[in-house]
Amino acid sequence: MTTSPFSSPASFHISDKIASAVYEGLMSSPRWLPSWLFYDAAGSKLFDQITRIPEYYVTRTERAILADHAAEIVGQAATDRALRMVELGAGSADKTRLLLNAAVERQNAVFYEPVDVSASALVEAQMRIEDEIPGVIVCPRVQDYTHDLELDSTLPSERRLVLYIGSSIGNFEPGESMLLLERVRAALDPGDCILLGVDLVKDEAVLQAAYDDAAGVTAAFNRNVLVRLNRELDADFNPATFGHRAVWNAADSRMEMHLVSAKDQEVWLPAIDLRVKFKVGESIHTENSYKYRSGEAETLLSKAGFAPEATWTDERGWFAVCLARVR
Ligand code: AVI
């Protein structure tokens, strides 16, 4: 039996992963929390709302690119073989659907392998997709692709296309995104492909609005992390006393989200035996969202062992979808 470094009442189950990440982040200077903490049930719902707010151009722009080029992307990835699609994350709904539809049109039936840590998200994706697109056979895989990725071998008549869309790569630090792509590459065979969606550097005002929308949905998404810590670590954060701040960090080419304490205050997190004193104006850094310059995603893919083959972008040059093949 492994013992947790954090003591907690038997009735109060806490995940060691959350406990140690929160402890480390809140003890650091400046303070931070990992952005994966956003995605509990409420946070995932809020993110879903974000994808539909007028200022958040990311989802809409990528969807338009995929809608325009799905058949071409699928055809180029497949060459003369049958495509098998893997998605990192449990299905980005209508964007994935565009590619699956194109694959079904091309080859009548397609295997779709969503990879996610959440078994329930996978079941939900499987039911939704099999229901909506006849011809798609869903093979869910419960795995944490941020740590390891294992795929079964394919038939000689098949080729894999891994979808990593939605600018998800942007939430990883540069070293981590390289490791992630190398891990994907190692799980694939020569000739298999990856489709990577990256958000591009653009006017600061556009970025700022996308991460600090007028309706306050992103602010609620950011604060929800404190609600989660209250529930899961029995903490006593008052989320209303932390302001949402979104800033463009030009030097590091990333949008940052912070939670800024509106007053001097002390927060108690009994489950990890931690008291944190915040000064007014002191912040918790909760997310980085990296934005790429033209050609940078291709360079990253190249360094990770892929040969970039094609990039599709929108008219404004706000988002790029890159197809690259394992050498
Ligand atoms: C999930 N990820 C790509 C989003 C992003 O844009 O970095 C998360 C997000 N954060 C604030 N708004 C959306």
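Numbering of ligands and ligand atoms starts at 1, following listing order.
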**Message:** Using the rule side chain to side chain contact (heavy atoms under 4.5 Å, CB included), only one of Val136, Thr96, Val162, Leu99 pairs with Met85; which is it?
**Reply:** Leu99

**Message:** Taking the ring centre of each residue, are Tyr292 and Phe319 less than 6.0 Å apart?
**Reply:** no

**Complete:** With Arg97 as partner, the option from Glu130, Glu132, Glu87 fulfilling salt bridge (Lys or Arg N to Asp or Glu O under 4.0 Å) is Glu132

**Request:** Find out whether the Lys NZ or Arg CZ of Arg316 is both under 6.0 angstrom from the six-membered ring centre of Tyr57 and within 45° of the ring's axis.
**Result:** no

**Asked** Do Phe47 and Phe38 have ring centroids that are under 6.0 Å from one another?
**Response** no

I'd like the atom pairs linking ligand 1 to the protein - N or O on both sides, separation under 3.5 Å - with distances to 0.1 Å.
unit_1   : atom_1 : unit_2 : atom_2 : d
ligand 1 : 2 (N)  : Asn171 : OD1    : 2.8
ligand 1 : 6 (O)  : Tyr56  : OH     : 2.5
ligand 1 : 6 (O)  : Tyr211 : OH     : 2.5
ligand 1 : 7 (O)  : Asn171 : ND2    : 3.0
ligand 1 : 7 (O)  : Ser289 : OG     : 2.6
ligand 1 : 10 (N) : Glu287 : OE1    : 2.8
ligand 1 : 10 (N) : Glu287 : OE2    : 3.2

**Pair Asp152 + Arg141: basic N to acidic O under 4.0 Å** = yes

